[in-house]
Amino acid sequence: MSEENQVNDELVQRVLGGDRGALEEFLLRSYDWLERYIQSQIPPAKRGQIRAEDVIQEVYLKVFRKMDSFRPEGRGQLFSWLQTVARNT
């Protein structure tokens, strides 16, 4: 397991443990990446109708509800898991 994956796994465990600082760190580390991913998935014809910020909010709601299902050993990196959640939103 790479050092980055280990840090992400520990971050998720801290969030699950109720650590507010970890939650803030998680949001800060993932927001820009998630925004770019969401923007890349919105068809050009829909960009005026769909706001990335609204989709990101929905993704984070799903992530926090399902965070205890994150399995780094079986599902890969945190950002791969986020991408899967975003794609299914």
Side-chain angles (χ1 to χ4, degrees):
M1 176 182 296
S2 75
E3 186 176 327
E4 181 180 349
N5 285 348
Q6 185 173 355
V7 168
N8 288 336
D9 297 347
E10 290 170 4
L11 182 61
V12 168
Q13 291 306 311
R14 289 177 36 220
V15 171
L16 289 172
D19 183 335
R20 286 186 168 273
L23 178 59
E24 183 176 338
E25 182 180 344
F26 172 77
L27 292 171
L28 290 172
R29 290 180 70 187
S30 62
Y31 188 88
D32 289 340
W33 178 89
L34 189 55
E35 182 179 37
R36 285 190 305 275
Y37 176 73
I38 297 293
Q39 289 285 6
S40 75
Q41 299 303 302
I42 298 173
K46 298 281 187 178
R47 290 206 175 131
Q49 301 167 0
I50 300 173
R51 293 185 48 214
E53 294 83 9
D54 294 336
V55 177
I56 291 168
Q57 184 177 13
E58 291 297 318
V59 170
Y60 279 140
L61 286 172
K62 284 185 178 183
V63 163
F64 296 132
R65 288 183 187 134
K66 297 179 180 199
M67 190 168 273
D68 61 341
S69 71
F70 173 67
R71 299 288 181 260
E73 63 279 352
R75 299 202 76 171
Q77 298 178 346
L78 178 61
F79 290 103
S80 296
W81 183 70
L82 275 173
Q83 183 177 2
T84 300
V85 174
R87 187 175 41 243
N88 292 324
T89 297

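- Summarising the geometry of Leu82 relative to Ser30, their closest heavy-atom pair is CD1-CB, 3.7 Å, with the distance given to 0.1 Å.
- The shortest side-chain heavy-atom distance between Lys62 and Val59 does not fall under the 4.5 Å cut-off.
- Under the 4.5 Å side-chain criterion, counting only non-hydrogen atoms from C-beta, Tyr37 is in contact with Ser40.
- We find the CG-CG distance between Leu27 and Leu23 to be 5.0 Å, quoted to the nearest 0.5 Å.
- When all heavy atoms of Met67 and Trp81 are compared, the closest pair comes out as CA-CH2, 3.7 Å.
- More than 12 heavy atoms of other residues, nucleotides or ligands lie within 6.0 Å of CD in Gln39, so this atom counts as buried by the packing criterion.
- Between the side chain of Tyr31 and the main chain of Ile56, no donor-acceptor pair closer than 3.5 Å is present.
- Interatomic distance, Arg87 CZ to Thr89 OG1, rounded to the nearest 0.5 Å: 10.5 Å.
- Looking only at side-chain heavy atoms (C-beta outward), Val55 and Gln41 stay at 4.5 Å or farther from each other.
- Between Phe26 and Val63, some side-chain heavy-atom pair lies under the 4.5 Å cut-off.
- Residues Leu61 and Arg65 are in side-chain contact: their nearest non-hydrogen atoms beyond the backbone lie under 4.5 Å apart.
- Shortest non-hydrogen contact noted between Leu11 and Ala22 is CD1-O, 3.4 Å.
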